[in-house]
Amino acid sequence: MMESSESLFDLEQDELPFAEVLVPLPLEQYFTYRVPRQFTDLAQVGCRVLVPFGRQKVQTGIVIQRHSKNPSVYEAKAIMDVLEERPSINAHQLSLFSWIANYYLCTEGEVLQAALPSGLKIHSEINVQLHPYYDADKEPEYPLTAHEQLLLDHLQQHDFIPFSEISKLIPLKDPSALVRSLVKKEAILLFEKLKDKFSPKTVRKISLHPDYQQKEKLQALFAQLESKGNSQKQVEVLLLLLQLQSLDNDDIGLAKAVHKSELINKGASASALKTLVKNGILHDFQETIARFQFRGETKSLPPLSKEQEQAKEAIITALSEKEVCLLQGVTGSGKTEIYMHLIEETIYNGHQALLLVPEIALTTQIVSRLQQVFGDKLGVYHSRFSDNERVEVWQKVQNDALQVVVGVRSSVFLPFENLGLVIVDEEHESSYKQFDPSPRYHARDVAVVLAHLHQAKTLVASATPSLESFYLAQEGKWGYVLLEKRFADAQMPDILLADMKKAKKRREMVQDFTPELLTQLRYVVEQKEQAILFQNRRGYAPFLQCDICAHVPRCKNCDVSLTYHQFSEEVRCHYCGYKEPVPASCEACGNSQLITVGLGTEKIEEEVVQLFPATKVQRMDLDTTRSKHSYQEIIDDFSQQKTQILIGTQMVTKGLDFDQVTLVGVLDADGLLRFPDFRASERSFQTLTQVSGRAGRKEKKGVVIIQTRDVQHPILQMVIHYQWREFYQYELNERRLFRFPPFVRLITITLRHRDKSSVKQAASQLARHLRSNLGENRVSEAHEPLISRIKNRFLMEITVKFERTGFNVQQGKAFIKQSGKSLMENKNFTGLEILYDVDPY
DNA sequence: GGACCTCCTACT
DNA sequence: GTAGGAGGTCCC
């Protein structure tokens with residue numbers, strides 16, 4: 001694709017004076033720009049260009065196509081600059097963008113927005129400065145308001161302020177009117193400045209000037225300096241430099257450069273240093289360094305057990321016939337070692353490899369294991385890294401300086417040149433599906449497409465595969481390899497159910513603990529072993545309730561109850577972030593007795609601390625892991641056995657290897673099972689199996705206790721008996737019966753509007769239109785979603801189910817999008833928003 | 001997404 | 001009347 005467009009371009013470059021440009025914004029079309037003569041060669045397809053966009057604004061765009069068709073209805077503006085000689089985005093990526101936009105019903109601009117690290121998305125920002133003729137002491141020609149005065153006062157002290165920061169300085173929601181007024185009064189000027197440019201990390205280094213890098217020359221120099229008498233400081237600097245040069249080497253390497261900061265830290269006089277540089281004795285220069293530098297020896301690959309070796313061979317065989325293979329390996333079966341061997345072979349064959357991991361599983365544990373083997377061939381791509389760090393990985397992947405990347409879902413967008421293998425670890429993880437900003441893509445499914453574009457292979461792995469993947473493997477569309485034996489002959493734990501209903505009736509519950517779980521916990525504490533307690537709800541309790549009138553405090557902006565957080569003494573909305581102090585009394589009846597209902601991690605922590613005051617307890621959930629390192633700290637403390645009991649949400653179920661955990665307690669399995677969506681069973685089975693897998697490794701067999709009010713529940717029965725085959729057959733049957741994925745393709749259409757009746761009317765109109773054109777069995781009636789208002793917008797929903805075969809899904813999707821578009825153009829529904837979620841999770 | 005414009009409304 | 005918010009539009 002690249003080749004052909006380039007050669008076409010060579011032949012006819014003068015006839016391609018226009019470019020279609022994609023901008024990273026949620027807009028449907030490309031924009032046409034004129035390519036100035038000096039850029040005819042440079043502005044290739046895939047290059048980033050700077051373009052004027054909107055009212056006096058600079059945007060980064062990508063050249064999608066070159067052509068010679070001069071747009072007739074408007075005059076094309078000119079590309080301002082081409083940002084690189086080699087395209088940032090390769091042909092595979094452009095195809096991938098367009099596939100994602102089509103499949104997930106979003107725009108290519110949204111994909112670009114998600115794909116490019118912001119360090120590569122330069123755009124201009126408006127700044128405000130004082131007008132050169134403005135005189136603060138002079139009586140102003142026009143009177144100034146208090147707000148205007150505030151801004152001018154600020155500008156007396158500062159050279160300029162970014163427009164976007166004015167609202168932080170002055171309590172104004174939209175400062176544009178204020179700024180406009182001040183411009184008119186000739187008190188300020190506006191100017192634009194580019195921001196977010198990538199800057200490589202550099203260090204300043206000092207070395208001897210080449211003229212002095214010989215012993216004799218140096219001796220002469222010393223003699224000369226010492227004779228002067230006032231150069232003592234300079235002599236000290238030179239001696240220190242020589243000392244540092246020889247530090248890790250007996251032989252003095254006179255050409256060697258040392259860090260300037262080190263010289264200064266060790267006491268070199270800055271002014272003497274400056275003089276030496278000025279006199280041409282020392283050389284002061286900048287060196288670009290990588291942000292990630294792997295130090296230390298790489299080890300050879302860990303050997304595989306017989307079972308691992310067999311699994312690896314089976315995967316290779318499967319992938320020789322099929323593009324995708326599912327590896328189902330129980331927790332603790334040693335999948336990571338198999339990955340390493342497969343990656344090694346991929347690199348050996350001259351290809352790049354990508355290992356996708358769920359956000360939360362990207363810990364130092366897995367990174368350091370891979371780094372030990374792959375050293376500086378390995379790159380890590382994570383949202384917690386800075387922009388500059390991400391740009392660096394991006395560029396190294398592009399230059400083939402990195403052969404392996406371990407990363408989170410957005411690493412499918414990296415500019416791989418010759419991908420050979422993609423591995424999706426823990427593929428059932430819902431965090432692979434992006435939700436909040438569109439594109440709402442699933443990284444596993446995008447990975448399969450990405451691999452296909454590179455004619456590469458995909459390995460999809462999990463102990464508890466998604467129903468979708470399991471089905472594809474069962475149907476033979478994907479290969480399938482099973483690894484059932486735990487590594488080093490570790491035994492699977494005993495999983496037991498504890499009947500909360502019975503315990504409650506007999507009044508045997510101690511707070512939220514059944515006698516079974518409490519007994520085991522006591523034993524573990526006495527034996528100095530470790531335990532994990534799992535409850536899938538953060539905060540103290542899901543909500544507060546009035547003891548008398550049963551009123552529950554609700555969010556002002558959303559249709560949800562507020563969650564009680566004891567530590568911060570607040571009630572919070574998990575949807576819009578609204579929070580308020582805990583109400584002293586019921587707002588409905590004035591009663592002051594508000595009780596907590598339900599169970600969150602914070603409350604369990606409190607109970608455990610009461611029950612075991614001498615034991616070290618740690619809680620791990622969204623609230624305790626907000627900062628960059630706290631997650632890792634909690635993990636480290638627990639694996640070093642500084643903490644004995646770990647209490648947490650989902651997070652504790654994710655691929656962490658702790659050897660001394662002998663007990664896992666699930667405090668309330670019913671909360672999982674009751675979840676009102678079609679994935680409740682699947683999620684329950686996966687979560688309970690995964691969390692159980694945390695118990696007992698190596699020598700010691702573990703125990704898992706699951707508390708429930710429904711001991712007969714079929715899902716729980718299958719979990720405790722390890723009947724995963726039965727589970728998949730059972731659940732596939734249900735899905736077939738009720739027409740859910742993997743038997744149909746699901747799309748959720750959400751309509752959003754600030755006016756309730758408008759959104760209802762728009763939704764039923766859209767539903768009627770879709771039902772009559774696509775079939776009533778494929779499109780649901782418009783209905784209110786479970787949460788019908790978020791951030792003061794009312795929501796309506798339409799569910800679409802397309803069968804997998806015998807129906808043109810792509811055509812159906814296009815029809816939906818077209819219908820949505822024309823509905824939004826309807827003047828009765830101005831302000832209507834339509835959101836699509838393809839393959840919702 | 002954001003800078004602009006227009007329209008609406010709550011005040012001194 | 002007008003400052004400030006809210007909604008709507010367009011970007012090549």
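For the numbers below, each heavy atom of this structure counts, side chains included, while hydrogens, waters and symmetry mates do not. Reminder, nothing fancy here: chain letters follow the sequence lines and each chain counts from 1.
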| task | Please work out if A:Ala177 contacts a base, only the sugar-phosphate, or nothing of the nucleic acid, heavy-atom cut-off 4.0 Å. | result | nothing
| field | Nearest-nucleotide pick for A:Lys173, side chain only, options being C:dA6, B:dA3, C:dC12 | value | C:dA6
| field | Length of the CE-P vector between A:Met824 and C:dT9, whole Å | value | 12 Å
| said: In whole Å, I'd like the distance from the NE2 atom of A:His753 to the C1' atom of C:dG8. | reply: 11 Å
| remark: Between CZ of A:Phe53 and P of B:dG2 the distance, given in whole Å, is 12 Å
| message | Let me spell it out: for each of A:Gly831 and A:Tyr33, pick the nucleotide of DNA chain C with the closest heavy atom. Which residue's pick is nearer the 5' end? | response | A:Gly831
| task | Among the candidates B:dC5, B:dA3, C:dG5, find the nucleotide nearest to the side-chain atoms of A:Arg180. | result | B:dC5
| query | Are A:His92 and A:His452 close enough that their ring centres sit under 6.0 Å apart? | reply | no
| remark: A:Asp755 atom CG is separated from C:dA6 atom C1', nearest whole Å, by 15 Å
| message | Rounded to whole Å, how long is the line connecting atom CZ of A:Arg752 with atom P of C:dG8? | response | 14 Å
| field | Test of ring centre spacing under 6.0 Å for A:Tyr104 and A:His442 | value | no
| request: With heavy atoms under 4.0 Å as the rule, sort A:Pro52 into base, sugar-phosphate or nothing. | output: sugar-phosphate
| Given B:dA3, C:dC12, C:dG4, which nucleotide is nearest the side-chain atoms of A:Ala76? | C:dC12
| query | Has A:Thr830 got a side-chain N or O lying under 4.0 Å from the OP1 or OP2 atom of C:dG8? | reply | yes
| task | Quick one: list whatever passes side-chain contact (heavy atoms from CB on, under 4.5 Å) with A:Ser819, sequence neighbours left out. | result | A:Leu766, A:His769, A:Leu770, A:Phe815
| field | Touch class at under 4.0 angstrom, heavy-atom based, for A:Thr32 against every strand present | value | base
| remark: Tested for side chain to side chain donor-acceptor pair (under 3.5 Å) against A:Tyr30, the lone hit among A:Glu108, A:Gln65, A:Glu20 is A:Glu108
| request: Counting heavy atoms from C-beta on, name the nucleotide in B:dG1, C:dT9, C:dG5 closest to the side chain of A:Leu172. | output: C:dG5
| Ring-face cation of A:Arg409 near A:Tyr432 (centre distance under 6.0 Å, axis angle within 45°) | no
| message | Please confirm whether the shortest side-chain N or O distance from A:His123 to OP1 or OP2 of B:dG2 is below 4.0 Å. | response | no
| request: Go through C:dG4, C:dC11, C:dG8 for me and flag the one nearest to the A:His147 side chain. | output: C:dG4
| request: Report the distance from atom CZ of A:Arg754 to atom C1' of C:dG5, rounded to the nearest whole Å. | output: 13 Å
| field | Shortest non-hydrogen contact between A:Ile161 and A:Leu169, atoms and distance | value | CD1-CD2, 4.2 Å
| said: Nearest to the side chain of A:Leu27, heavy atoms from C-beta on, is which of C:dC12, B:dG1, C:dG4? | reply: B:dG1
| field | Protein proximity profile, nucleotides 7-12 of chain B - base contact B, sugar-phosphate-only contact S, no contact -, cut-off 4.0 Å on heavy atoms | value | ------
| query | Any side-chain N or O of A:Arg34 less than 4.0 Å from the OP1 or OP2 oxygen of C:dC12? | reply | no
| said: Let's go through A:Arg48 and A:Glu84 carefully: what are the C-alpha distance in whole Å and the side-chain angles of both, what is the deciding distance for side chain to side chain contact (heavy atoms under 4.5 Å, CB included) to 0.1 Å, and is it a yes or a no? | reply: CA-CA 7 Å; A:Arg48 286 183 304 138; A:Glu84 59 228 350; 3.0 Å; yes
| message | Expressed as a whole number of angstroms, how long is the span from A:Leu25:CG to C:dT9:P? | response | 18 Å
| Is it true that atom CZ of A:Phe163 has more than 12 heavy atoms of other residues, nucleotides or ligands lying nearer than 6.0 Å? | yes
| field | Nearest-neighbour nucleotide for the A:Ile126 side chain, C:dC12, B:dG1, B:dA3 considered | value | B:dA3
| message | Please report the distance, rounded to the nearest Å, between CD in A:Glu75 and P in C:dC11. | response | 14 Å
